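Data first, discussion second: the structure below is written as structure tokens.
Since the model is a prediction, treat every value here as computed from it, not as a measurement.
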Amino acid sequence: MSELSFKVYCIENYAEYKNKSSSAVFEQFSKTKLLNHLKTDYEDLHGMGKEFLMDYFDQWFGEKKI
């Protein structure tokens with residue numbers, strides 16, 4: 001999966017998970033620099049499962065404690 005495809009995958013799945021629009025999630029990912037993080041840590045993150053990624057994003061946004 002390319003970096004771009006991975007970012008789209010993350011945005012679309014997190015939008016569905018949070019019942020938000022993809023554009024709202026994209027804006028949230030951009031504002032919090034999560035999009036840059038997905039690029040720099042692509043090698044570590046792209047092999048993770050969907051459930052792990054959703055929890056990881058919640059932690060990134062401070063919605064869950066580690």
Side-chain angles (χ1 to χ4, degrees):
M1 177 180 296
S2 71
E3 286 180 20
L4 179 58
S5 295
F6 178 63
K7 288 178 182 180
V8 171
Y9 170 84
C10 291
I11 291 167
E12 292 294 329
N13 281 285
Y14 196 69
E16 182 179 328
Y17 171 70
K18 289 296 193 177
N19 197 29
K20 294 182 176 180
S21 71
S22 299
S23 59
V25 170
F26 174 78
E27 188 174 317
Q28 183 179 17
F29 276 36
S30 294
K31 284 182 179 179
T32 62
K33 301 188 182 189
L34 182 53
L35 279 180
N36 287 340
H37 179 68
L38 292 176
K39 180 178 180 177
T40 58
D41 284 8
Y42 170 76
E43 289 300 321
D44 293 331
L45 294 173
H46 84 279
M48 302 297 174
K50 181 179 172 181
E51 185 175 313
F52 172 86
L53 288 170
M54 300 304 107
D55 284 342
Y56 186 81
F57 300 152
D58 281 345
Q59 289 176 17
W60 183 274
F61 299 128
E63 295 180 19
K64 285 190 177 180
K65 301 256 184 218
I66 298 174

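When all heavy atoms are compared, the tightest approach of Leu38 to Leu45 is CD2-CD1, 3.9 Å. In this structure, Ala24 and Ser21 approach most closely via the heavy-atom pair N-OG, 3.1 Å.
Taking 4.5 Å as the limit, some side-chain heavy atom of Asp58 sits within range of a side-chain heavy atom of Lys18. Side-chain contact check for His46 versus Glu3: every heavy-atom pair is 4.5 Å or farther apart.
Taking the six-membered ring for Trp and the full ring otherwise, His37 and Tyr56 have centroids separated by under 6.0 Å.
With sequence neighbours excluded, the residues forming a salt bridge (charged side-chain N to carboxylate O under 4.0 Å, His left out) with Glu27 are Lys31, listed by chain and number. By the side-chain contact (heavy atoms from CB on, under 4.5 Å) test, Thr32 is found to be paired with Leu34, Trp60, Phe61, residues two or more places apart in sequence or in another chain being considered.
More than 12 non-hydrogen atoms from other residues, nucleotides or ligands lie less than 6.0 angstrom from CZ of Phe29.
Checked against Val25 for a side chain to side chain contact (heavy atoms under 4.5 Å, CB included), the options Glu16, Glu12, Lys20 give a single hit: Lys20.
Atom-to-atom distance recorded for Gln59:CD and Asp55:CG is 6.5 Å, nearest 0.5 angstrom.
Side-chain atoms of Asn13 come within 3.5 Å of backbone N or O of Tyr9 as a donor-acceptor pair.
Under the 4.5 Å side-chain heavy-atom criterion for grouping Ile, Leu, Val, Met, Phe, Trp and Tyr, Met48 is connected to Phe6 within one hydrophobic cluster.
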